[in-house]
Amino acid sequence: MAYKALDIARKLIRMADWDTANGGDNMTNLRLQKLLYYEQGYHLAKFDTPLFDEDVESWIYGPVVPVVYDFYKQYGSQILPVPSEEIDLSEEEESLFGQVFEAYREFSAIGLMNLTHRETPWLRAVPHDRGTVINQEVMRKFFKTQLD
């Protein structure tokens, strides 16, 4: 079952807020966009279905989910507000979601951007501009190679 990208974004923001007590970074829109990309990629690789239906696009600063970007762009590079509620995923999805967050939690927004700039899905989706969709099948194949 695919969720709404904004619901997944809210879940990531809440996780980051909880993680700040453990030395993690707060969530900015730039960091959020990259984490959405990683969550989508690993979900595609493990379950062969998208975590959310909205497209991930290839922008100059890395992968972006436009509907989420547009919702939070008013905050610029500031820390995003923490939502009061979050959705629940299936048990298997929650497990993977947490593992992906844990794997990338220590990276800054710029660090995540630099990672995505070296990966096939972003590199192949050109031009790097709004409207250039990163193909889900390319993501699925790439992230299958990253599963451990």
Side-chain angles (χ1 to χ4, degrees), residues 1-20 24-89 93-94 96-147:
M1 169 188 160
Y3 304 91
K4 292 181 180 180
L6 274 169
D7 289 335
I8 298 301
R10 289 181 185 107
K11 187 172 190 70
L12 283 166
I13 294 167
R14 285 182 55 89
M15 288 184 84
D17 181 61
W18 174 84
D19 191 45
T20 57
D25 283 342
N26 288 300
M27 192 67 77
T28 62
N29 201 359
L30 183 63
R31 185 168 182 247
L32 176 61
Q33 298 303 319
K34 308 318 163 239
L35 291 172
L36 285 167
Y37 159 78
Y38 284 114
E39 292 288 358
Q40 180 78 312
Y42 283 105
H43 196 277
L44 284 163
K46 182 163 184 169
F47 301 113
D48 290 318
T49 61
L51 178 59
F52 50 86
D53 286 326
E54 294 84 350
D55 288 329
V56 178
E57 295 185 359
S58 174
W59 292 13
I60 193 70
Y61 295 112
V64 172
V65 180
V67 67
V68 176
Y69 173 82
D70 290 340
F71 187 83
Y72 288 111
K73 70 182 176 185
Q74 65 184 313
Y75 298 100
S77 61
Q78 296 175 345
I79 296 167
L80 301 177
V82 179
S84 58
E85 296 180 12
E86 70 179 68
I87 61 166
D88 293 321
L89 309 177
E93 290 171 326
E94 286 283 356
L96 178 64
F97 195 89
Q99 290 172 24
V100 172
F101 182 81
E102 183 63 28
Y104 293 95
R105 67 180 274 278
E106 294 184 17
F107 288 91
S108 68
I110 299 302
L112 289 168
M113 179 188 75
N114 289 336
L115 281 177
T116 66
H117 282 192
R118 295 191 297 262
E119 296 173 348
T120 303
W122 184 82
L123 289 168
R124 287 189 49 191
V126 290
H128 301 304
D129 201 2
R130 190 171 190 130
T132 304
V133 174
I134 298 176
N135 181 282
Q136 285 189 357
E137 183 59 17
V138 172
M139 287 177 69
R140 187 187 70 76
K141 286 179 180 177
F142 173 78
F143 283 100
K144 275 209 182 276
T145 69
Q146 305 301 301
L147 282 177

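Residues take their numbers from the sequence shown, with the count starting at 1.
Interatomic distance, Glu102 CD to Phe97 CZ, rounded to the nearest 0.5 Å: 13.0 Å. In this structure, CG on Leu30 lies 9.5 Å from OH on Tyr69, to the nearest 0.5 angstrom. Atom CD of Glu39 and atom CD of Gln99 lie 10.0 Å apart (nearest 0.5 Å). Interatomic distance, Thr116 OG1 to Leu123 CG, rounded to the nearest 0.5 Å: 8.5 Å. Atom-to-atom distance recorded for Leu51:CG and Lys46:NZ is 13.0 Å, nearest 0.5 angstrom.
Residues satisfying the side chain to side chain contact (heavy atoms under 4.5 Å, CB included) test with Gln136, not counting sequence neighbours, are Gln40, Leu44, Pro50. Among residues two or more places apart in sequence or in another chain, the side chain to side chain contact (heavy atoms under 4.5 Å, CB included) test is passed with Asp88 by Glu94. Not counting sequence neighbours, the partners of Glu137 by the side chain to side chain donor-acceptor pair (under 3.5 Å) test are Arg140. With sequence neighbours left out, Tyr38 forms a ring pair (Phe, Tyr, Trp, His ring centres under 6.0 Å) with Tyr104, Phe143. Remark: Asp7 pairs with Arg10 by the salt bridge (Lys or Arg N to Asp or Glu O under 4.0 Å) rule, at least two apart or across chains. Remark: Asn29 pairs with Gln33 by the side chain to side chain donor-acceptor pair (under 3.5 Å) rule, at least two apart or across chains. With sequence neighbours left out, Arg14 forms a salt bridge (Lys or Arg N to Asp or Glu O under 4.0 Å) with Glu86.
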Side-chain polar contacts of residues 70-81 - donor-acceptor pairs under 3.5 angstrom, sequence neighbours left out - could you list them?
residue	atom	partner	partner atom	Å
Asp70	OD1	Arg130	NH1	3.3
Asp70	OD1	Arg130	NH2	3.4
Asp70	OD2	Arg130	NH2	2.6

Per-pair distances, 0.1 Å, donor-acceptor, side chain in residues 57-65, under 3.5 Å, sequence neighbours excluded:
residue	atom	partner	partner atom	Å
Glu57	OE1	Trp59	NE1	2.9
Glu57	OE1	Gly131	N	2.6
Ser58	OG	Trp122	NE1	3.3
Ser58	OG	Ala125	O	2.8
Ser58	OG	His128	ND1	2.6

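Residues Val138 and Pro121 come closest through the heavy atom pair CG1-CA, 3.8 Å. Counting all heavy atoms, side chain and backbone alike, Asn26 lies closest to Arg31 at O-NH1, 3.4 Å.
Residues Tyr37 and Leu112 are not in side-chain contact: their nearest non-hydrogen atoms beyond the backbone lie 4.5 Å or more apart. A heavy-atom distance below 4.5 Å is found between the side chains of Lys144 and Asp48. For the pair Ile8 and Ile87, the minimum side-chain heavy-atom distance is below 4.5 Å.
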One pair to check against side chain to side chain contact (heavy atoms under 4.5 Å, CB included): Leu36 and Val56. What are the steps and the verdict? CA-CA 8 Å; Leu36 285 167; Val56 178; over 6 Å; no

Does Ile110 form a side chain to side chain contact (heavy atoms under 4.5 Å, CB included) with Met113? I'd like the steps, not just the answer. CA-CA 5 Å; Ile110 299 302; Met113 179 188 75; 4.3 Å; yes

Quick one: do Lys11 and Tyr3 satisfy side chain to side chain contact (heavy atoms under 4.5 Å, CB included)? Show the steps, please. CA-CA 11 Å; Lys11 187 172 190 70; Tyr3 304 91; over 6 Å; no

How far apart are the C-alpha atoms of Met27 and Leu35, what are their side-chain angles, what is the distance that settles it, and do they pass the side chain to side chain contact (heavy atoms under 4.5 Å, CB included) test? CA-CA 10 Å; Met27 192 67 77; Leu35 291 172; 3.5 Å; yes

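Sorted pairs that involve residues 115-126 and meet salt bridge (charged side-chain N to carboxylate O under 4.0 Å, His left out), not counting sequence neighbours, are lacking altogether.
The neighbour count for Lys4 NZ, taken as heavy atoms of other residues, nucleotides or ligands under 6.0 Å away, does not exceed 12.
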